[in-house]
Enquirer: 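Supplied in structure tokens, the structure appears directly below.
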Amino acid sequence: MAIALLVLAAYAASFVLLVVATIASKNVVGWFFVVLAWLIVVAVAPRPHRLEDVHPLPVEEFPSVHHYVTTVAGAVGTRKPDLVAASTEFNAGVARVGWGRRQALVIGLPLWTLLTDEERLALMAHEMGHLRGRDTTLGHLVGLAHRILHRAATILTPLPADAYSDFVDYRRATSEAVMNSAASLVLRLLSAPPVLLLLLFERLAAVDSQRREYLADLRAAEVAGTAAMVRLLVTLENMPGLHTLTAAAVRRGEDPFAVLETVRLRPDPLPEQVATARRRAREQDLRWDASHPRDDLRLSLVEARASERGVMPTELEDSTDAELSALRPELRRRFAVELTETYLR
């Protein structure tokens with residue numbers, strides 16, 4: 001966060017200095033550098049986060065969904081998000097959107113469909129746990145700084161040796177190769193500081209993000225119970241297999257949501273299955289910039305803080321599921337197309 005604030009402050013200072021430099025009197029050379037600096041500042045400028053490919057869930061049409069989210073948010077100790085939407089992703093998340101920085105919750109309808117009532121409560125409590133920890137506010141600032149650093153490093157990073165250009169004069173291939181090599185060397189030297197700063201920033205952001213995931217898991221376990229959180233983590237650990245299962249169903253011409261509905265009926269995982277999930281998680285390679293910790297570590301943390309499931313009215317769970325299930329016909333085609341494209345990649 002300290003680096004993020006420094007980056008944002010440096011960007012704001014550069015903007016102010018450019019305004020002063022633009023107003024001040026200068027010669028042609030001065031104008032050249034001012035215009036060049038403006039191009040760079042505009043190129044690296046952060047953009048507001050927007051929700052794409054989501055289906056808004058207004059409170060007038062989905063009162064039970066909003067009541068459910070409000071109830072879970074109150075149990076966690078935070079207020080409900082300003083916006084609620086559904087998507088066709090095997091995921092769910094919260095974020096700040098737009099320049100107004102409104103809180104938004106996106107519920108992945110495929111993920112919601114395959115989860116049990118206990119897992120759904122754990123999932124919502126986990127996301128509301130991020131809001132309680134103000135993770136979206138901090139993540140918004142970190143995201144703005146990251147985009148500035150990433151664009152700055154990208155501008156100065158030389159193209160790969162085999163990059164194609166229409167400006168190449170093949171009659172002077174040797175001289176072009178020498179000039180390209182020299183220019184590439186200069187750019188590598190200039191890009192080294194921002195690239196190294198970007199890598200450091202991404203590593204620190206990953207460590208902080210993992211810590212926040214642990215805290216959100218603990219808050220979810222306090223509301224949904226340890227057993228529900230363990231089951232949710234075991235399910236998420238097997239998400240690639242569930243994704244493949246659903247994609248195969250689409251290729252056979254079946255309804256993907258109907259397939260996920262059958263997954264929801266599976267029994268509670270046995271201790272042997274939980275142990276297998278731990279082993280698979282330990283064997284997976286964790287990227288140095290991963291935003292989530294390994295699932296076996298998350299399981300160990302949740303199990304160390306045993307708690308019982310909170311009370312959620314059954315009729316509210318049923319009405320919430322009914323409202324979200326009504327979206328399936330509208331989102332089924334988009335969901336099927338996305339699953340088919342997975343096979344074509």
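In what follows, every heavy atom counts, from backbone to side chain, and hydrogens, waters and symmetry copies are set aside.
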Enquirer: Testing R266, E118, Q273 one by one against R231 for a side chain to side chain contact (heavy atoms under 4.5 Å, CB included), which residue passes?
Expert: R266
Enquirer: Counting heavy atoms not belonging to H55, are there more than 12 under 6.0 Å from its NE2?
Expert: yes
Enquirer: Establish, yes or no, whether a centroid distance under 6.0 Å links the rings of Y68 and F62.
Expert: no
Enquirer: Can D289 and R203 be counted as an ion pair, charged N to O under 4.0 angstrom?
Expert: no
Enquirer: Taking a hydrophobic cluster as the set of Ile, Leu, Val, Met, Phe, Trp and Tyr residues connected by side-chain heavy atoms closer than 4.5 Å, whether directly or through intermediates, do L299 and L215 fall within one such cluster?
Expert: no
Enquirer: When you compare the side chain of M239 with that of L236, does any pair of heavy atoms fall below 4.5 Å?
Expert: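 When only atoms from C-beta onward are counted, M239 and L236 do touch, with a gap below 4.5 Å.
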Enquirer: Rounded to the nearest 0.5 Å, how far does CG of L149 lie from OG1 of T154?
Expert: 10.5 Å
Enquirer: Return yes if some donor-acceptor pair links the side-chain N/O of R219 with the main-chain N/O of V76 below 3.5 Å, else return no.
Expert: no
Enquirer: Hey, are the side chains of V230 and R298 touching, using non-hydrogen atoms and a 4.5 Å cut-off?
Expert: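 Not in contact.
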Enquirer: Looking at R47 and A45, would you say the former's side chain and the latter's main chain have a donor-acceptor pair under 3.5 Å?
Expert: yes
Enquirer: Please confirm whether the backbone N or O of F257 pairs with a side-chain atom of T113, one donor and one acceptor, at under 3.5 Å?
Expert: no
Enquirer: So, T235 and E119: side-chain donor and acceptor under 3.5 Å apart, yes or no?
Expert: yes
Enquirer: Once you round to the nearest 0.5 Å, how far does CD of E315 lie from OG of S64?
Expert: 10.0 Å
Enquirer: Return the minimal non-hydrogen interatomic distance between A92 and I107, and the atom names on each side.
Expert: CB-CA, 4.4 Å
Enquirer: Does the T136 side chain pair with the main chain of A95, one donor and one acceptor, at a distance under 3.5 Å?
Expert: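 Not at all, since once roles are kept as given, no pair shorter than 3.5 Å links the two residues.
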Enquirer: Between the side chains of E222 and S307, does any donor sit under 3.5 Å from an acceptor?
Expert: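 No donor-acceptor contact under 3.5 Å links the two side chains.
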Enquirer: Output, in order, the C-alpha distance, side-chain angles, deciding distance and verdict of side chain to side chain contact (heavy atoms under 4.5 Å, CB included) for L115 and L111.
Expert: CA-CA 6 Å; L115 296 180; L111 178 59; 4.0 Å; yes
Enquirer: Got V69 and P81 here, is their nearest side-chain heavy-atom distance under 4.5 Å?
Expert: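 With C-beta onward as the side chain, the pair touches.
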Enquirer: Is there a donor-acceptor pair closer than 3.5 Å between any side-chain N or O of E323 and the backbone N or O of V65?
Expert: yes
Enquirer: Rounded to the nearest 0.5 Å, what's the gap from CD on E338 to OG1 on T340? Could you check?
Expert: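 Output value for this atom pair is 10.0 Å.
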Enquirer: Could you tell me whether the side chain of T71 reaches within less than 4.5 Å of the side chain of H67, counting heavy atoms only?
Expert: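 Side chain of H67 against side chain of T71, heavy atoms only: contact under 4.5 Å found.
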Enquirer: Does L197 belong to the same Ile/Leu/Val/Met/Phe/Trp/Tyr cluster as L141, with side-chain heavy atoms less than 4.5 Å apart forming each link?
Expert: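 Yes, L197 connects to L141 through the hydrophobic network.
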Enquirer: For residues D295 and L233, report the shortest heavy-atom separation together with the two atoms involved.
Expert: OD2-O, 4.4 Å
Enquirer: Kindly compute the distance separating CG (D117) from CG (D321), expressed to the nearest 0.5 Å.
Expert: 7.0 Å
Enquirer: Give, for atom OG1 of T116 and atom CZ of R264, the distance between the pair rounded to the nearest 0.5 Å.
Expert: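 Reported to 0.5 Å precision, the distance equals 7.0 Å.
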Enquirer: Taking a hydrophobic cluster as the set of Ile, Leu, Val, Met, Phe, Trp and Tyr residues connected by side-chain heavy atoms closer than 4.5 Å, whether directly or through intermediates, do L200 and Y11 fall within one such cluster?
Expert: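 Yes; Y11 is reachable from L200 via cluster members.
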Enquirer: Of R282, E283, Q284, which is the lone residue that meets side chain to side chain contact (heavy atoms under 4.5 Å, CB included) with D296?
Expert: R282
Enquirer: Assess whether side-chain hydrogen bond (donor to acceptor under 3.5 Å, both in side chains) is satisfied between R134 and T78, documenting all intermediate values.
Expert: CA-CA 9 Å; R134 293 181 289 185; T78 187; over 6 Å; no
Enquirer: Measure the OG1-CG distance between T244 and N238 for me, rounded to the nearest 0.5 Å.
Expert: 9.5 Å
Enquirer: So, does T246 use its side chain to make a donor-acceptor pair with the main chain of L260 at under 3.5 Å?
Expert: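 No, because the side chain of T246 does not come within donor-acceptor range (under 3.5 Å) of the backbone of L260.
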Enquirer: Looking at R280 and E237, is any side-chain nitrogen of the basic one under 4.0 Å from a carboxylate oxygen of the acidic one?
Expert: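 Salt bridge present between E237 and R280.
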Enquirer: Looking at side-chain heavy atoms only, is the closest gap between R332 and P256 below 4.5 Å?
Expert: yes
Enquirer: Applying side chain to side chain contact (heavy atoms under 4.5 Å, CB included) to W112 and F90, what does each step give before you reach the verdict?
Expert: CA-CA 8 Å; W112 178 270; F90 282 87; over 6 Å; no
Enquirer: Given D53 and T88, is the side chain to side chain contact (heavy atoms under 4.5 Å, CB included) satisfied, shown in steps?
Expert: CA-CA 8 Å; D53 298 327; T88 53; over 6 Å; no
Enquirer: For residues R120 and L123, determine if any side-chain heavy atom of one lies less than 4.5 Å from a side-chain heavy atom of the other.
Expert: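 Heavy-atom side-chain distance check fails, nothing below 4.5 Å.
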Enquirer: Within the structure provided, determine whether V142 and M1 are in side-chain contact (heavy-atom separation under 4.5 Å).
Expert: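 V142 reaches M1 side chain to side chain.
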Enquirer: Do F335 and L339 come close enough that some side-chain heavy atom pair is under 4.5 Å?
Expert: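 Answer yes - side chains close enough.
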Enquirer: Kindly indicate, with the supporting measurements, whether the criterion side chain to side chain contact (heavy atoms under 4.5 Å, CB included) is fulfilled by V94 and Q103.
Expert: CA-CA 7 Å; V94 290; Q103 303 272 24; 5.5 Å; no
Enquirer: Sub-3.5 Å donor-acceptor pair from the side chain of S319 to the main-chain atoms of L316, do we have one?
Expert: yes
Enquirer: Does any donor atom in the side chain of T70 or R79 lie under 3.5 Å from an acceptor atom in the other side chain?
Expert: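 The answer is no; no qualifying pair exists.
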Enquirer: What are the two closest non-hydrogen atoms of V106 and A86, and how far apart are they?
Expert: CG1-C, 4.5 Å
Enquirer: Please check if V44 and V19 belong to a single hydrophobic cluster, counting links between Ile, Leu, Val, Met, Phe, Trp and Tyr side chain heavy atoms closer than 4.5 Å.
Expert: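 Linked, V44 and V19 end up in one cluster.
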Enquirer: Are the side chain of R147 and the backbone of P46 linked by a donor-acceptor contact shorter than 3.5 Å?
Expert: no
Enquirer: Does atom CZ of R211 have more than 12 heavy-atom neighbours from other groups under 6.0 Å away?
Expert: yes
Enquirer: In chain order, what residues pass the ring pair (Phe, Tyr, Trp, His ring centres under 6.0 Å) check against W31, with sequence neighbours excluded?
Expert: none
Enquirer: Testing the basics here: between A21 and K26, what is the closest heavy-atom pair and its distance to 0.1 Å?
Expert: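 Where A21 meets K26 most closely, the heavy atoms are O-NZ, 2.7 Å.
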Enquirer: Is the centre of the W38 ring less than 6.0 Å from the centre of the F15 ring?
Expert: yes
Enquirer: Compare every heavy atom of A220 with every heavy atom of A122, then report the nearest pair and how far apart it is.
Expert: O-CB, 3.5 Å
Enquirer: Tell me the closest heavy-atom pair linking V274 and V234, and the distance in Å.
Expert: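 So the two residues come closest at CG2-CG2, 4.2 Å.
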Enquirer: Does V97 offer a backbone N or O that forms a donor-acceptor pair with the side chain of R102 under 3.5 Å?
Expert: no
Enquirer: Between the side chains of D135 and R96, is the shortest nitrogen-to-carboxylate-oxygen separation below 4.0 Å, so that they form an ion pair?
Expert: no
Enquirer: Would you please say whether a donor-acceptor pair under 3.5 Å links the side chains of H130 and E213?
Expert: yes
Enquirer: Do H66 side-chain atoms and L57 backbone N/O form a donor-acceptor pair below 3.5 Å?
Expert: yes
Enquirer: Side-chain heavy atoms under 4.5 angstrom apart, residues restricted to Ile, Leu, Val, Met, Phe, Trp, Tyr: same cluster for L189 and L196?
Expert: no
